[in-house]
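Structure first, then comments.
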Amino acid sequence: MKQRENKSLNEKHVIKVALYGLGAIGCSIARLLLEKKGVKIVAAIDSSPEKAGRDLGEVIEAQTSLGITVSNNASKTLSERKPDVAVHATSSFFKDVFEQLALLVRHGVNVVSTCEELSYPWVADKNLASELDKLAKQHGVTVLGTGINPGFLMDTLPITLTGVCQEIKSIKVERVMDAANRRIPFQKKIGAGLTVKEFEKQIRNRQITGHVGLEQSVAMIADALGLNLQSIKVGAVESVVAEKPVESEAIKVKHGDVAGLSQSAYGVKDGKPIITLLFKAYIGAEEEYDSVTIEGTPSIKQKITPCVHGDYGTVAIIVNSIPKVLSSEPGLKTMKDLPIPSAAIGDLRRHLHG
Ligand SMILES: NC(=O)c1ccc[n+]([C@@H]2O[C@H](COP(=O)([O-])OP(=O)(O)OC[C@H]3O[C@@H](n4cnc5c(N)ncnc54)[C@H](OP(=O)(O)O)[C@@H]3O)[C@@H](O)[C@H]2O)c1
């Protein structure tokens, strides 16, 4: 551990984790943590009245009581339980979670968060990002936003592939998902089953916000490569209209109705897009894939098919990042600042200082 006051965090110390946010993702992370060695869940925080006051085991459907009561009083819980690290999974927007993160940091707790905008928070709010960085350094802790996307597939992975390039002319990253294979709330979040009119209305009143994080991924790639972008352009959220009837277990989409959505973002340099990100999630996608195309010396074409499962991937990268965050220098970090991502097999403590 570098520049940390808490020298007790070593191979003998069981890593104490607080869960902050027990939605679908927080609960899945909790279940994976229960299977891991060298780590112990010591606290659980959630604002939902249906969860607060209940035993964590019941909330995450672990079929056994865990002796941890879910609390809606974060400050009191953190003071009493003194976790080393919090797994934070409450919301997508940096400004909405800033106070939650600041509270964790003030309690001397490291943070690994699924908040999309925290993956590269200088895009959403430069001043708040500097404030959080300063606070984390003052308290000797590290804060990281990560996940499958943003956090890995459309930023960390292409950045890593450029490690063997002498010159880069352009980078294009695509993620295409068949939403029928994803959770029902995700299918609803992308407007599957709506008419085009209903979809457009839900976009206008922000019931459908689309995928959060493309701008952050472009910015992270540009920063890692030292590209001095003129601008980052984010395209509008567009409907993907079904060309024939398609369905998932939960949703039937008629021909001409909305099967899902697509979005794009560009990093522009010298008037041309040097970074292009394309994201598509819809029911009935014939091919699911994650691809990275780098034009340069050498050029690289990489395709993962089918695409990486979003929920499994997010849960994994959050847990795998815990020892890396605990071993990092204090401050607000992004995935490009940490050692290369890797699975933390076996006892999590074995991966400290890695
Ligand atoms: N980067 C990535 O690749 C990635 C991947 C997956 C998910 N995510 C993001 O991770 C977040 C969590 O995902 P999810 O599907 O689990 O979301 P979710 O189902 O909405 O769960 C969030 C949970 O946090 C609770 N919560 C909200 N505000 C809180 C607060 N101030 N204090 C304590 N608890 C609070 C919510 O309670 P209420 O129900 O009372 O609001 C809910 O139980 C989302 O923003 C999602 O977009 C990112």
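Quantities reported herein were computed from a predicted structural model and do not represent experimental measurements. Below, each value reflects all heavy atoms present in this structure, side chains not excepted, and no hydrogens, waters or symmetry copies. Whatever order the structure lists ligands and atoms in, that order sets their numbers, starting from 1.
- Closest to atom 39 (O) of ligand 1, if we only count protein heavy atoms, is Ser48 CB, 4.0 Å.
- Set against the non-hydrogen atoms of Arg183, the atoms of ligand 1 under 4.0 Å away are 15 (O).
- No side-chain heavy atom of Glu287 sits under 4.5 Å from any side-chain heavy atom of Val176.
- Under the 3.5 Å distance criterion, the side-chain polar atoms of Gln263 are matched with a main-chain donor or acceptor of His211.
- Regarding atom 8 (N) of ligand 1, its nearest protein heavy-atom neighbour is Glu116 OE2, 3.5 Å.
- Looking only at distances, a side-chain donor or acceptor of Arg31 sits under 3.5 Å from a matching main-chain atom of Ile60.
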Show the atom names and distances, to 0.1 Å, of all donor-acceptor pairs under 3.5 Å that link a side chain in residues 121-128 to residues at least two apart or in another chain.
| from | atom 1 | to | atom 2 | distance (Å) |
| --- | --- | --- | --- | --- |
| Asp125 | OD1 | Asn127 | N | 3.1 |
| Asp125 | OD1 | Leu128 | N | 3.0 |

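- Scanning the protein for heavy atoms near atom 23 (C) of ligand 1, the closest one is Gly23 N, 3.5 Å.
- Using a non-hydrogen distance threshold of 4.0 Å, Phe93 does not register as a contact of ligand 1.
- If you number the atoms of ligand 1 from 1 as listed, the ones under 4.0 Å from a heavy atom of Ser91 come out as 45 (O).
- Enclosure of atom CD1 in Ile184 is not indicated, since only 12 or fewer non-hydrogen atoms of other residues, nucleotides or ligands lie within 6.0 angstrom.
- In terms of N/O distances under 3.5 Å, ligand 1 is approached by Ile25.
- Among protein heavy atoms, the minimum distance from atom 29 (C) of ligand 1 is reached at Ser47 OG, 3.3 Å.
- At under 3.5 Å, a nitrogen or oxygen of Ile148, whether backbone or side chain, sits near a nitrogen or oxygen of ligand 1.
- Judged by distance alone, with hydrogens and angles left aside, the side-chain atoms of Asp133 form no donor-acceptor pair with the main-chain N or O of Ala129 at under 3.5 Å.
- Open room surrounds NZ on Lys189; 12 or fewer heavy atoms of other groups in view lie less than 6.0 Å from it.
- Proximity to Ala24 (heavy-atom distance under 4.0 Å) selects the following atoms of ligand 1: 16 (O), 19 (O).
- Side chain to side chain, Ser92 and Glu116 meet the donor-acceptor criterion of an N or O pair below 3.5 Å.
- Residue contacts with ligand 1 do not include Gly151, since none of its heavy atoms lies under 4.0 Å from the ligand.
- Distances below 4.0 Å separate heavy atoms of Gly21 from the following atoms of ligand 1: 24 (O).
- Taking every non-hydrogen atom of Ala89 and a distance limit under 4.0 Å, the qualifying atoms of ligand 1 come out as 12 (C), 22 (C), 23 (C), 24 (O).
- Taking any N or O of Pro150, backbone or side chain, at least one lies under 3.5 Å from an N or O belonging to ligand 1.
- In the hydrophobic clustering of ILVMFWY residues, with side-chain heavy atoms under 4.5 Å counting as a link, Val253 and Leu194 come out apart.
- Proximity annotation for atom 44 (C) of ligand 1: of Ser92, Ser71, Gly213, Ser92 comes nearest, heavy atoms only.
- Here is the list of ligand 1 atoms found below 4.0 Å of a heavy atom in Gly147: 1 (N), 2 (C), 3 (O).
- Under a 4.0 Å heavy-atom criterion, Thr146 is in contact with ligand 1.
- Within ligand 1, counting atoms from 1 as listed, the ones closer than 4.0 Å to a heavy atom of Thr314 are 3 (O), 5 (C), 6 (C).
- Of all protein heavy atoms, the one closest to atom 20 (O) of ligand 1 is Thr90 O, 4.7 Å.
- The nearest protein atom to atom 11 (C) of ligand 1, hydrogens excluded, is given as Thr114 OG1, 3.4 Å; this is a heavy-atom distance.
- In this structure, Arg81 and Ile68 have side chains that are not in contact, with every pair of non-hydrogen atoms separated by 4.5 Å or more.
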Let me check something: any side-chain donor-acceptor pairs from residues 231-244 under 3.5 Å, sequence neighbours excluded? List them with distances.
none

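- In this structure, Asp290 pairs ionically with Arg175, as a charged nitrogen and a carboxylate oxygen lie closer than 4.0 Å.
- Listed by number with element, the atoms of ligand 1 under 4.0 Å from a non-hydrogen atom of Gln100 are 30 (C), 31 (N).
- The nearest heavy-atom contact from the protein to atom 42 (C) of ligand 1 is Asp46 OD2, 3.6 Å.
- Around the NZ atom of Lys336, the shell of radius 6.0 Å holds more than 12 heavy atoms that belong to other residues, nucleotides or ligands.
- Under 4.0 angstrom from ligand 1, the non-hydrogen atoms of Tyr20 all belong to its side chain.
- Within the 3.5 Å criterion, the main-chain N or O of Leu22 finds a donor-acceptor partner in the side chain of Lys51.
- By the criterion of a heavy-atom distance under 4.0 Å, the backbone of Leu22, and not its side chain, is placed next to ligand 1.
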